[in-house]
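First the structure, then my questions, so here it is.
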Amino acid sequence: MPYSLKIKRFPIIVIIISLCAMLISGCGADAEKPASSLEHQQAQQTSSPEASAAESASPAATEAAKLAKLTIQAPLGISISSPVYHILEQHLLEPYADTIEYTPWKSPDELRARITSGQADISAVPSYVGANLYNRGMDVKLLNVLIWGILYVVGPEGEPVDWETLRGQTVYVPLKGDMPDLVFRYLLKKNGLDSSKDLKLEYVSAPQELVAMLASGKAKYAVIPEHLATMATKKVKGTFKAMNLQEEWAKVTGLPARIPQAGILVSGKLVKEHPDTVAALQQAFEQSVSYLNKQPQEAAKGIIKYQDGLTPELIANLLPSINLQFVPAQDAKEELEFFYTELSVLSPEIIGGKLPDEDFYYKP
């Protein structure tokens with residue numbers, strides 16, 4: 001089958017910038033889906049990718065009319081993109097399209113432009129981006145949520161950190177007004193701190209800047225997403241993940257220690273005209289997330305093909321920290337609406353000024 005992979009090799013710093021800029025851009029509770037009938041496929045794929053691909057395709061799917069081309073985009077890096085890489089490696093969508101075209105997005109503008117121009121059938125996005133585009137009139141649907149919170153405060157190792165510790169301190173935060181900033185300010189407020197008076201927030205335009213600031217001693221505390229948070233603690237001696245913001249979210253909301261941070265967005269046209277393809281896609285993501293969680297060492301061997309500057313060993317160590325959990329959009333709706341509502345108190349426009357209606361959430 002013709003297979004088009006529009007991807008270039010990029011240095012690791014570009015990967016980090018691109019991934020963190022959106023997957024923040026932004027756990028503890030065990031919300032992973034129970035084992036499903038896919039377990040037999042998952043067991044076989046470790047020894048035979050071809051067998052896995054064949055078993056994942058239903059007879060009805062193979063008989064369905066194929067698309068000429070199916071386009072997929074995801075950010076550079078190994079967070080929300082990891083399940084996409086696995087789907088590509090296992091050829092799980094071969095029965096549904098003559099050509100599968102994957103292109104990484106490197107900026108929010110590039111991501112949105114492809115969706116609004118109809119150049120992407122399937123997009124890996126921060127969850128709020130999907131809501132924003134839908135509320136702006138785009139014909140899109142949220143298929144699932146896969147990333148459930150990857151935000152941390154990184155600080156000096158050996159020093160206990162709580163919210164009172166941060167009073168009077170300077171905390172560095174990437175991308176003012178984006179998800180990590182809003183989540184952090186929300187948690188500050190819930191813990192009795194005024195972000196404009198009780199501490200100083202300093203913003204940077206690119207998350208990788210925070211690693212250099214920590215290394216030079218200029219920054220003592222920084223809000224950093226995975227996988228950059230883990231890499232920062234490995235690169236900068238004497239630092240650690242001092243505060244898990246997913247756990248802090250749970251403390252102030254009474255909800256599980258997880259944030260519905262990123263998932264898969266599909267075009268409404270694809271859902272209407274090729275429902276079998278979308279159903280197979282949902283199944284493929286469930287299978288992929290399970291495999292990545294259960295077989296990180298094997299998964300890393302496939303993911304490394306899409307990376308530059310990382311090793312399979314490092315990827316295998318990072319996969320457990322990106323909080324991958326497969327939850328269909330309909331099942332995540334309650335948590336998403338709470339998340340959207342709380343963030344919109346600080347910035348209504350982040351989701352387009354209102355909660356998306358029922359049609360935003362994919363129904364099989």
Can you name the nearest heavy-atom pair linking I115 to S123, along with the distance?
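The answer is CG1-OG, 3.5 Å.
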
Given V183, D181, L182, L175, the one that forms side chain to side chain contact (heavy atoms under 4.5 Å, CB included) with M179
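Among the candidates, only V183 passes.
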
With rounding to the nearest 0.5 Å, note down the distance linking CG in L343 to CD1 in I259.
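So the CG of L343 and the CD1 of I259 are separated by 8.5 Å.
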
Within-4.5 Å side-chain heavy-atom neighbours: I150 and S321
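Counting from C-beta outward, I150 and S321 never come under 4.5 Å.
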
Aromatic ring pairing Y186/W249, orientation class (parallel under 30°, perpendicular over 60°, tilted between)
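Correct class here is tilted.
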
Do Y96 and D276 get their side chains close enough for a donor-acceptor pair, meaning under 3.5 Å?
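On atom types as modelled, these side chains do not qualify, holding no pair under 3.5 Å.
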
Which is it for E247 and K251 under the salt bridge (charged side-chain N to carboxylate O under 4.0 Å, His left out) test, yes or no, and what are the steps along the way?
CA-CA 6 Å; E247 293 177 359; K251 290 176 185 177; 5.7 Å; no

Mind checking the NZ-OG1 spacing from K234 to T239? Nearest 0.5 Å is all I need.
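Interatomic distance, K234 NZ to T239 OG1, rounded to 0.5 Å: 11.0 Å.
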
Checking side-chain polar atoms at under 3.5 Å, does T103 have a donor or acceptor matched by the opposite partner on Q73?
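Note: T103 and Q73 side chains miss the donor-acceptor criterion.
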
In plain terms, say whether E358 and K363 are close enough for a salt bridge, that is, a side-chain N and a carboxylate O under 4.0 Å apart.
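Answer for the salt bridge query: yes.
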
Keeping S288 on the side-chain end and A284 on the backbone end, is there a donor-acceptor pair under 3.5 Å?
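Side chain of S288 to backbone of A284, a donor-acceptor pair under 3.5 Å: yes, one is there.
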
Pair R167 + D198, salt bridge at N-O below 4.0 Å
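Judged by the 4.0 Å cut-off on N to carboxylate O distance, R167 and D198 do form a salt bridge.
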
V327 backbone acceptor or donor facing D331 side chain under 3.5 Å:
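No, because the side chain of D331 does not come within donor-acceptor range (under 3.5 Å) of the backbone of V327.
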
State, yes or no, whether a side-chain contact exists between P156 and K220 at a heavy-atom distance under 4.5 Å.
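Heavy-atom side-chain distance check passes, below 4.5 Å.
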
Does the cation-pi check pass for K141 over Y362, that is, NZ or CZ under 6.0 Å from the six-membered ring centre and within 45° of its axis?
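Not satisfied by the 6.0 Å and 45° rule.
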
Could you check K69 against D98 for side-chain contact (heavy atoms from CB on, under 4.5 Å), going step by step and ending with a plain yes or no?
CA-CA 6 Å; K69 182 168 69 173; D98 293 326; over 6 Å; no

Taking the basic N atoms (NZ, or NE/NH1/NH2) and the acidic carboxylate oxygens, is any pair closer than 4.0 Å for E94 and K66?
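K66 and E94: not salt-bridged.
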
Looking at E226 and K241, does any basic side-chain N land under 4.0 Å from a carboxylate oxygen?
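Salt bridge: yes.
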
Interatomic spacing from CG in L193 to CG in N191 - rounded to 0.5 Å:
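L193 atom CG to N191 atom CG measures 6.5 Å (nearest 0.5 Å).
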
Is it the case that more than 12 heavy atoms not belonging to E334 sit under 6.0 Å from its CD atom?
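Result for CD/E334: open.
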
Where do Y128 and D178 land on the side-chain hydrogen bond (donor to acceptor under 3.5 Å, both in side chains) test, with the steps shown first?
CA-CA 10 Å; Y128 75 89; D178 215 314; 2.5 Å; yes

Mind checking whether E342 and T253 have side chains closer than 4.5 Å, heavy atoms only?
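E342 does not reach T253 side chain to side chain.
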
Start with the C-alpha distance between Y221 and V173, add both sets of side-chain angles, then the distance that settles side-chain contact (heavy atoms from CB on, under 4.5 Å), and finish with yes or no.
CA-CA 9 Å; Y221 299 106; V173 183; over 6 Å; no

Could you measure the distance from the CE atom of M243 to the CG atom of L187? Nearest 0.5 Å is fine.
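Rounded to the nearest 0.5 Å, the CE-CG separation comes out at 9.0 Å.
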
Closest heavy-atom pair and its distance - I322, I147:
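Looking at all heavy atoms of both residues, the closest pair is O-CD1, 3.4 Å.
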
Audit row: I72, L93, side-chain contact (heavy atoms from CB on, under 4.5 Å) steps and yes/no
CA-CA 11 Å; I72 305 174; L93 297 180; 4.0 Å; yes

Mind checking whether L188 and L199 have side chains closer than 4.5 Å, heavy atoms only?
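Counting from C-beta outward, L188 and L199 do come under 4.5 Å.
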
To the nearest 0.5 Å, what is the distance between CG on D162 and CG on L166?
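One finds 7.5 Å between CG of D162 and CG of L166.
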
Considering only NZ, NE, NH1 and NH2 on the basic side and carboxylate oxygens on the acidic side, decide whether K272 and D139 come within less than 4.0 Å.
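Salt bridge present between K272 and D139.
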
Determine whether the side chains of Q246 and R258 contain a donor N or O and an acceptor N or O closer than 3.5 Å.
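Q246 vs R258: no donor-acceptor pair found between side chains.
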
Reported OG-to-CG distance for the pair S195 and L346, which is rounded to 0.5 angstrom
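Rounded to the nearest 0.5 Å, the OG-CG separation comes out at 8.0 Å.
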
Can you check side-chain hydrogen bond (donor to acceptor under 3.5 Å, both in side chains) on S205 and E209, steps first, answer last?
CA-CA 8 Å; S205 59; E209 294 179 36; 3.1 Å; yes

Contact summary for K200 and E202, nearest pair of heavy atoms
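So the minimum-distance heavy-atom pair works out to CE-OE2, 2.6 Å.
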
Are the charged groups of E337 and K333 less than 4.0 angstrom apart, N to O?
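Salt bridge: yes.
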
Minimum heavy-atom separation for L255 and A250, please, with both atom names.
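Nearest pair, atom of L255 first, then A250: O-CB, 3.2 Å.
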
Which atoms form the tightest heavy-atom contact between A332 and V145, and what is the distance?
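Closest heavy-atom pair between A332 and V145: CB-CG2, 3.9 Å.
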
Side chain to side chain, E335 and W148, heavy atoms closer than 4.5 Å
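When only atoms from C-beta onward are counted, W148 and E335 do touch, with a gap below 4.5 Å.
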
Quick check against the 3.5 Å criterion: does T71 have a side-chain atom that pairs as donor or acceptor with the backbone of D121?
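Indeed, once roles are kept as given, a pair shorter than 3.5 Å links the two residues.
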
Quick one: are V129 and R112 in side-chain contact, heavy atoms under 4.5 Å?
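Yes, at least one pair of side-chain atoms sits under 4.5 Å.
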
Does S117 form a side-chain hydrogen bond (donor to acceptor under 3.5 Å, both in side chains) with Q119? I'd like the steps, not just the answer.
CA-CA 6 Å; S117 64; Q119 296 179 41; 2.9 Å; yes

Counting only N and O atoms by type, is there a donor-acceptor contact under 3.5 Å from the side chain of S344 to the main-chain atoms of S347?
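No; zero donor-acceptor contacts below 3.5 Å.
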
Ignoring hydrogens and angles, tell me if any N or O in the side chain of S216 forms a donor-acceptor pair with the backbone of M213 under 3.5 Å.
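Present.
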
Could you label the plane-to-plane angle of the Y306 and Y102 rings as parallel, tilted or perpendicular, counting under 30° as parallel and over 60° as perpendicular?
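If you compare the ring of Y306 with that of Y102, the planes turn out perpendicular.
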
Please check: side-chain N/O of S127 versus main-chain N/O of P260, any donor-acceptor pairing under 3.5 Å?
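The answer is yes, because a donor-acceptor pair under 3.5 Å joins these two groups.
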
Ignoring hydrogens and angles, tell me if any N or O in the side chain of N132 forms a donor-acceptor pair with the backbone of E349 under 3.5 Å.
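Yes; at least one donor-acceptor contact below 3.5 Å.
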
Before we go on, tell me: are the rings of H86 and Y291 under 6.0 Å apart, centre to centre?
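Centroid distance H86-Y291: below 6.0 Å, so yes.
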
Give the intermediate values and the outcome of side-chain contact (heavy atoms from CB on, under 4.5 Å) for residues L146 and Q325.
CA-CA 5 Å; L146 303 181; Q325 301 169 28; over 6 Å; no

Are L151 and F240 linked, directly or through intermediate hydrophobic residues, by side-chain heavy-atom contacts shorter than 4.5 Å (ILVMFWY only)?
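Shared cluster, no.
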
Check against ring pair (Phe, Tyr, Trp, His ring centres under 6.0 Å), W163 and F184:
CA-CA 11 Å; W163 295 102; F184 187 62; 5.8 Å; yes

Evaluate the side-chain proximity of L142 to Y134: yes if any heavy-atom separation is below 4.5 Å, no if none is.
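When only atoms from C-beta onward are counted, L142 and Y134 do not touch, as no gap falls below 4.5 Å.
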
Give the minimum heavy-atom separation between A124 and P75, together with the two atoms involved.
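So the minimum-distance heavy-atom pair works out to O-CD, 3.8 Å.
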
4.5 Å side-chain heavy-atom contact, P225 and Y152:
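The answer is no; the side chains never approach within 4.5 Å.
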
